[in-house]
Amino acid sequence: MEEVRTQVAIIGAGPAGMLLSHLLAADGVETVVVESRSEEYVAGRIRAGILEQSTVDLLRASGLGERLELEGDRHRGIYLQWPGQRHHLDFVDLTGRSVWVYGQTEVQKDLVAARTAAGQQVHYEIESTALHDLETDSPSVTFIDAAGAERRIVADAIAGCDGSFGPSRVAVPEDVRSTWEKVYPYSWLGVLADVAPSTDELIYAWHPDGFALHSMRSESVSRLYLQVPNDTPVSEWPDDRIWEALATRLGHGQDGWTMTPGPITEKSVLPMHSFVQSPMRHGRLFLAGDAAHIVPPTGAKGLNLAVADVGLLAPALAELLLKGDARLADAYSDTALRRVWRCTHFSWWMTTMLHQSGDPFERELQLSQLRWVTSSEAGATGLAENYAGLPIGF
Ligand SMILES: Cc1cc2nc3c(=O)[nH]c(=O)nc-3n(C[C@H](O)[C@H](O)[C@H](O)COP(=O)(O)OP(=O)(O)OC[C@H]3O[C@@H](n4cnc5c(N)ncnc54)[C@H](O)[C@@H]3O)c2cc1C
């Protein structure tokens, strides 16, 4: 077996893993990244699209803001609506913070370009990833590389950035980890369409037929979602049915607003669940991003939480490995989880406020909540503060 040594072995080349590698390099810490998929597959995955203020600040501060400045679209807020009513919440007026529309695919491209330019070692298309000796100062990761060779990376620390299906979270012994999970009784049908958005900012729509969201990726690409029952086959939703449902739920014709349909280029059904695992550190293994927590996408928090974790983890590992100072590393799990639980609550709150559960009592509570959030400055500010994002160290 071929063996190499590095300071941090990073499992997963998604946004958490690649950003961690980038931030650690800036601090002078060497990393090797391993990834089970191909570079093209990871870069092409259509996922998150909204960056909160702290994410943008961190990307800018670490030299990754150039294309984001040019191509990202800064939004002041969102629209919240239910039949007959549409209200704009202006996050800038309410909290002084805003959000940016800039897809995860673009963030990933920027990260890969920066790491490639720096000569970062990334092993793509690996198999049989396994973690070893986590409770020692020399943990290691073994895997089979794309050419079929067995390899071992011995490191001072391992960063588990391998998402919800990776081996890192389950490498924490069962008697050490606690997990919390909630599966929601509905999913999202997400579509990407080659048509200019029919709105300047995102529209979150409560509707008796189910939730709908009008988001966007660029001036010419719209991202749209419809609440559907769990396990809905995509084949049940031909394009015409999708546009009809979007027009109804988003209020085509309401106060003169119109929705323009266009060619749909991608369709998929996304199940919705919440998951948290604690602690986010075991020995020399540190979990970050989806490896430690999952949120339903309603609050646009998944990618932002991954970035926030890594924003805490990079200085913690640098202090530990370069100066032998363990204080930030020891505090990492508790500090990160404070924000994780805040975002978990916010994502659950947005989700349960906007989706139909079939319970008439909940329906009246949802409408009452929507009226409060859109008419009270205190209610609106709470939503705005959470949506535009709390500081990374919150
Ligand atoms: C279908 C979908 C849609 C989403 N939509 C939204 C959205 O609209 N808004 C939002 O905010 N968030 C959304 N999210 C969540 C957001 O994309 C994630 O929170 C974000 O990708 C987290 O980044 P990460 O780096 O932690 O994990 P990931 O991006 O999942 O990266 C983990 C990486 O680890 C790799 N890996 C897994 N197993 C192994 C292994 N054994 N060995 C080596 N590597 C491995 C994976 O291939 C992957 O590349 C969505 C997620 C999904 C799945």
Side-chain angles (χ1 to χ4, degrees), residues 9-22 32-52 55 99-105 107-108 111-112 122-131 141-146 151 153 158-171 187-192 202 213 215-217 223-225 266-275 280 286-310 313 336 340 343-344 346-347 350-351 387 389:
I10 299 177
I11 308 176
M18 292 303 262
L19 181 59
L20 181 63
S21 166
H22 179 76
V32 175
V33 183
V34 296
E35 165 61 53
S36 53
R37 302 290 197 154
S38 68
E39 183 179 334
E40 299 69 35
Y41 181 90
V42 177
R45 281 186 301 214
I46 306 295
R47 291 184 167 182
I50 305 292
L51 304 185
E52 57 184 45
T55 299
V99 292
W100 274 256
V101 171
Y102 192 66
Q104 182 165 333
T105 42
V107 174
Q108 186 74 25
L111 284 164
V112 170
V122 185
H123 295 274
Y124 286 101
E125 297 180 75
I126 66 154
E127 286 177 10
S128 308
T129 316
L131 293 78
V141 178
T142 54
F143 61 96
I144 298 173
D145 73 13
R151 287 178 178 262
I153 303 171
I158 297 175
C161 302
D162 44 3
S164 43
F165 300 110
S168 295
R169 69 158 70 141
V170 289
S187 300
W188 276 10
L189 171 69
V191 307
L192 208 56
L202 276 70
L213 171 60
S215 182
M216 62 284 288
R217 285 293 183 269
R223 180 79 168 135
L224 301 134
Y225 300 95
E266 207 257 356
K267 263 186 227 183
S268 53
V269 173
L270 323 171
M272 316 259 284
H273 68 287
S274 298
F275 172 89
M280 285 171 62
F286 297 81
L287 301 177
D290 279 18
H293 41 74
I294 307 287
V295 286
T298 328
K301 289 288 164 237
L303 174 59
N304 292 297
L305 266 182
V307 169
D309 286 351
V310 165
L313 184 53
V340 166
C343 294
T344 299
F346 176 68
S347 303
M350 284 285 281
T351 302
Y387 196 107

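Atoms within a ligand are numbered from 1 in the order they appear, just like the ligands themselves.
With ligand atoms numbered from 1 in the order given, ligand 1 contributes 11 (O) to contacts under 4.0 Å with heavy atoms of A300. Of all atoms in ligand 1, numbered sequentially from 1 with element shown, those under 4.0 Å from a heavy atom of I11 are 42 (N), 43 (C). Counting atoms of ligand 1 from 1 in the listed order, those under 4.0 Å from a heavy atom of G166 are 38 (N). Using a 4.0 Å cut-off to heavy atoms of L270, the atoms of ligand 1 that qualify are 1 (C). Per-residue contacts place P297 under 4.0 angstrom from the following atoms of ligand 1 (heavy atoms of the residue considered): 7 (C), 8 (O). Taking every non-hydrogen atom of R37 and a distance limit under 4.0 Å, the qualifying atoms of ligand 1 come out as 47 (O). Counting atoms of ligand 1 from 1 in the listed order, those under 4.0 Å from a heavy atom of G289 are 26 (O). Per-residue contacts place K301 under 4.0 angstrom from the following atoms of ligand 1 (heavy atoms of the residue considered): 11 (O).
With C161 as reference, L20 is the one residue of L287, L20, D290 to meet the side chain to side chain contact (heavy atoms under 4.5 Å, CB included) rule. Among the candidates I50, L192, V101, L224, the single residue satisfying the side chain to side chain contact (heavy atoms under 4.5 Å, CB included) test with M216 is V101.
In terms of N/O distances under 3.5 Å, ligand 1 is approached by S36. For ligand 1, one of its N or O atoms has an N or O atom of G302 under 3.5 Å away.
The shortest non-hydrogen separation linking D309 to M280 is OD2-CE, 3.5 Å.
When non-hydrogen atoms are compared, ligand 1 lies under 4.0 Å from neither the backbone nor the side chain of L305. Counting heavy atoms under 4.0 Å from ligand 1, residue Y225 touches it through the side chain alone.
The shortest separation from a heavy atom of R45 to ligand 1 is under 4.0 Å, placing the residue in contact.
In this structure, W188 and Y225 have tilted ring planes: the angle between them lies in the 30° to 60° band.
Summary of contacts: the protein heavy atom closest to atom 34 (O) of ligand 1 is D162 CA, 3.2 Å. Nearest to atom 25 (O) of ligand 1 among the protein's heavy atoms is A16 N, 2.9 Å. Counting protein heavy atoms only, atom 17 (O) of ligand 1 is closest to Q104 OE1, 2.7 Å. The nearest protein atom to atom 30 (O) of ligand 1, hydrogens excluded, is given as R47 NH1, 3.1 Å; this is a heavy-atom distance. When only non-hydrogen protein atoms are considered, atom 26 (O) of ligand 1 lies nearest to D290 N, 2.9 Å. Nearest non-hydrogen protein atom to atom 31 (O) of ligand 1 is G14 CA, 3.6 Å. Remark: minimum distance from atom 32 (C) of ligand 1 to any protein heavy atom is reached at C161 O, 3.3 Å. The protein non-hydrogen atom at the shortest distance from atom 47 (O) of ligand 1 is E35 OE2, 2.6 Å.
With a 4.5 Å cut-off on side-chain heavy atoms, D162 and T129 do not count as touching. Side-chain contact between R223 and E266 is present, with at least one heavy-atom pair separated by less than 4.5 Å. Between M18 and Q108, the closest side-chain pair of non-hydrogen atoms falls below 4.5 Å. Residues M272 and T298 are in side-chain contact: their nearest non-hydrogen atoms beyond the backbone lie under 4.5 Å apart. With a 4.5 Å cut-off on side-chain heavy atoms, L303 and T55 do not count as touching. Residues I153 and F143 form a side-chain contact, since some pair of their non-hydrogen atoms from C-beta on lies under 4.5 Å apart. Contact annotation: the side chain of S168 approaches that of L131 to within less than 4.5 Å [non-hydrogen atoms, C-beta and beyond]. At least one side-chain heavy atom of H293 sits less than 4.5 Å from a side-chain heavy atom of L305.
Judged purely by atom type and a 3.5 angstrom limit, T351 uses its side chain to pair as donor or acceptor with the backbone of S347.
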